[in-house]
Amino acid sequence: MFGNRRKNRRRRALGQRLKSLGTKIGSLGRKALPVAFLVAVAIGLPYGIFHAYIRTVSGSYFQLQEVEVEGLHNVDEDALLESAGLLIGLNIFDVDLERADRAIEAHPWIKSAEVERRLPDQVSVRVSEEEPIALLIDERYHLVDTDAVAFKALESSDPVDELMALPLVTGMEVASLEEPEGRALFLEAMDVVQMYGELGLTNWEPLSEIHVDSVLGLTLVTADTGVEIRLGRGRYRERLERLAVVQRSIVQRAMEVDYILIDQESDLSRVAVGRRHRPRTGPGEGARVD
């Protein structure tokens, strides 16, 4: 009898514990449901925003429609933009600005470049081109800039007619421009070209060639009649001012001359002019004058 009572008490206690456990589980479920909902929303909302962002930036609204180029004169624009990867229709966020900048500056005509993205569908390219001041004739025609750097050889794709109007420098090699003495001699020649124009001598005859000799100095050759003007070395403004006086006398007397020698070391008042008795063979090889 007592055994049955103990068994019944154990059954009632177990039932009460199970009922209590069920009540607690139900309570936890009711509390966890809002939390689970919030977690689902928190995960799903950024996922939707992310996909909306992807659809937006990859759509036609951000396709490259125009590349605005400033400062380009001597380079084919289409070829340059293609080499830089700036292709119409490309997603503007796929444009690699650093790569484009490097590719453009790798072109020998380009001194510097700046590439900018302009949302939603434009890219701006601003370039600074090299400024050639002379053509140095070595084995080929080489364009030389204001820093005495031969930055490229002349090619058929360049504006040849325009560039051939630049002064021709002979008697030097491209490699000599890498040495201080050669660079200084070239820049002296360019200073003389500038002074020649400043003194109005271009109105008499423009220059076509400057022959450079490290020993004999500079010899100018005029474009129209091929007159050789030996200047020697140094005191260039004085020599050119003397040339201006001689030039006026030549015009007044209607003289025909092949050479003008102003290469005296000291007495610049002594100027020799004359005609050759043999064909001209090259710059600096005028007739001998006693």
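Numbers for residues simply follow the sequence, beginning at 1. Computed from a predicted structure; not experimentally measured.
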Margin query: Tell me whether V67 shares a hydrophobic cluster with L97, the cluster being built from Ile, Leu, Val, Met, Phe, Trp, Tyr side chains joined at under 4.5 Å.
Written below: yes
Checklist line | Residues in side chain to side chain contact (heavy atoms under 4.5 Å, CB included) contact with A103, at least two apart in sequence or another chain | finding: A84
Under 3.5 Å, which donor-acceptor pairs link side chains of residues 174-185 to any protein atom two or more places apart or in another chain?
unit_1, atom_1, unit_2, atom_2, d
S176, OG, E173, O, 2.5
R183, NE, L177, O, 3.4
R183, NH2, L177, O, 3.3
R183, NH2, E178, O, 3.4

Next item on the list: Over all heavy atoms of both residues, which pair between V221 and E228 is shortest? Give the atoms and the distance, please.
Entry: CG2-CG, 4.3 Å
Margin query: If you define the side chain from C-beta out and look only at heavy atoms, does anything of I250 sit under 4.5 Å from I260?
Written below: yes
Next item on the list: Decide if atom CD of E66 counts as having more than 12 heavy atoms of other residues, nucleotides or ligands within a radius under 6.0 Å.
Entry: yes
Item checked: Positive for side chain to side chain contact (heavy atoms under 4.5 Å, CB included) with L81, one of I88, L87, L86, V123 -> L86
Next item on the list: Measure the OG1-CD1 distance between T146 and I133 for me, rounded to the nearest 0.5 Å.
Entry: 6.0 Å
Check: Would a hydrophobic clustering, with Ile, Leu, Val, Met, Phe, Trp and Tyr connected at side-chain separations under 4.5 Å, put L166 with V160?
Finding: yes
Item checked: Separation of D147 CG from K111 NZ (nearest 0.5 Å) -> 5.5 Å
Notebook entry, point to check: For D224 and P206, which heavy atoms make the closest approach, and how far apart are they?
Noted result: OD2-CD, 3.8 Å
Check: CZ of R117 to CD1 of I92: how many Å apart, nearest 0.5 Å?
Finding: 6.5 Å
Notebook entry, point to check: Taking only residues two or more places apart in sequence or in another chain, which ones pass salt bridge (charged side-chain N to carboxylate O under 4.0 Å, His left out) with E188?
Noted result: R233
Item checked: Residues forming a salt bridge (charged side-chain N to carboxylate O under 4.0 Å, His left out) with E131, sequence neighbours excluded -> none
Margin query: Do V144 and F186 have side chains that approach each other closer than 4.5 Å (heavy atoms only, starting at C-beta)?
Written below: yes
Item checked: Intermediate values then yes/no, side chain to side chain contact (heavy atoms under 4.5 Å, CB included), L163 and Y141 -> CA-CA 10 Å; L163 294 172; Y141 288 80; over 6 Å; no
Checklist line | Under the side chain to side chain contact (heavy atoms under 4.5 Å, CB included) test, residues paired with E256 that sit two or more places apart | finding: R275
Margin query: Using the salt bridge (charged side-chain N to carboxylate O under 4.0 Å, His left out) criterion, which residues pair with R126? Sequence neighbours excluded.
Written below: E114, E116
Check: In Å and rounded to the nearest 0.5 Å, what is the CG to CE distance from D213 to M172?
Finding: 10.5 Å
Item checked: Contact list for residues 87-105, test salt bridge (charged side-chain N to carboxylate O under 4.0 Å, His left out), sequence neighbours left out -> none
Next item on the list: Kindly indicate whether the side chain of M190, heavy atoms from C-beta on, has any atom under 4.5 Å from the side chain of V169.
Entry: yes
Item checked: Closest non-hydrogen atom pair, L201 against A244 -> CD2-CA, 3.7 Å
Item checked: Pairs involving residues 194-205, ordered by first then second residue, that meet side chain to side chain donor-acceptor pair (under 3.5 Å) (sequence neighbours left out) -> Q194-E198, E198-R237, E205-T222, E205-T225
Next item on the list: Kindly work out whether a path of hydrophobic side-chain contacts (I/L/V/M/F/W/Y, heavy atoms less than 4.5 Å apart) joins L240 to V245.
Entry: no
Checklist line | Any side-chain heavy-atom pair of I210 and P167 under 4.5 Å | finding: yes
Checklist line | Rounded distance [0.5 Å steps], CD1 in I137 versus CG in L168 | finding: 4.5 Å
Notebook entry, point to check: Looking at V212 and A189, what are the two nearest heavy atoms and their distance?
Noted result: CG2-CB, 4.2 Å
Check: E82: what forms a salt bridge (charged side-chain N to carboxylate O under 4.0 Å, His left out) with it, not counting sequence neighbours?
Finding: none
Next item on the list: Begin from the C-alpha positions of L143 and L135 and carry the test side chain to side chain contact (heavy atoms under 4.5 Å, CB included) through to its verdict.
Entry: CA-CA 5 Å; L143 293 163; L135 280 167; 3.4 Å; yes
Checklist line | Main-chain N/O of G217 paired to R230 side chain as donor or acceptor, under 3.5 Å | finding: no
Next item on the list: Please identify each residue that fulfils side chain to side chain contact (heavy atoms under 4.5 Å, CB included) with L72, with sequence neighbours left out.
Entry: V69, V75, E77, L80, I110, V127, E129
Margin query: A side-chain contact here means heavy atoms from C-beta on lying under 4.5 Å apart; do D121 and L64 qualify?
Written below: no
Notebook entry, point to check: For residues 163-185, which residue pairs qualify under ring pair (Phe, Tyr, Trp, His ring centres under 6.0 Å), counting only residues two or more places apart or in two chains?
Noted result: none
Show me the donor-acceptor pairs within less than 3.5 Å that the side chains of residues 149-159 make with the rest of the protein, sequence neighbours left out.
unit_1, atom_1, unit_2, atom_2, d
K152, NZ, D158, OD1, 3.4
K152, NZ, D158, OD2, 2.7
D158, OD1, W109, NE1, 2.8
D158, OD2, E155, N, 2.9

Item checked: Straight-line distance of E162 CD to H73 NE2, nearest 0.5 Å -> 10.0 Å
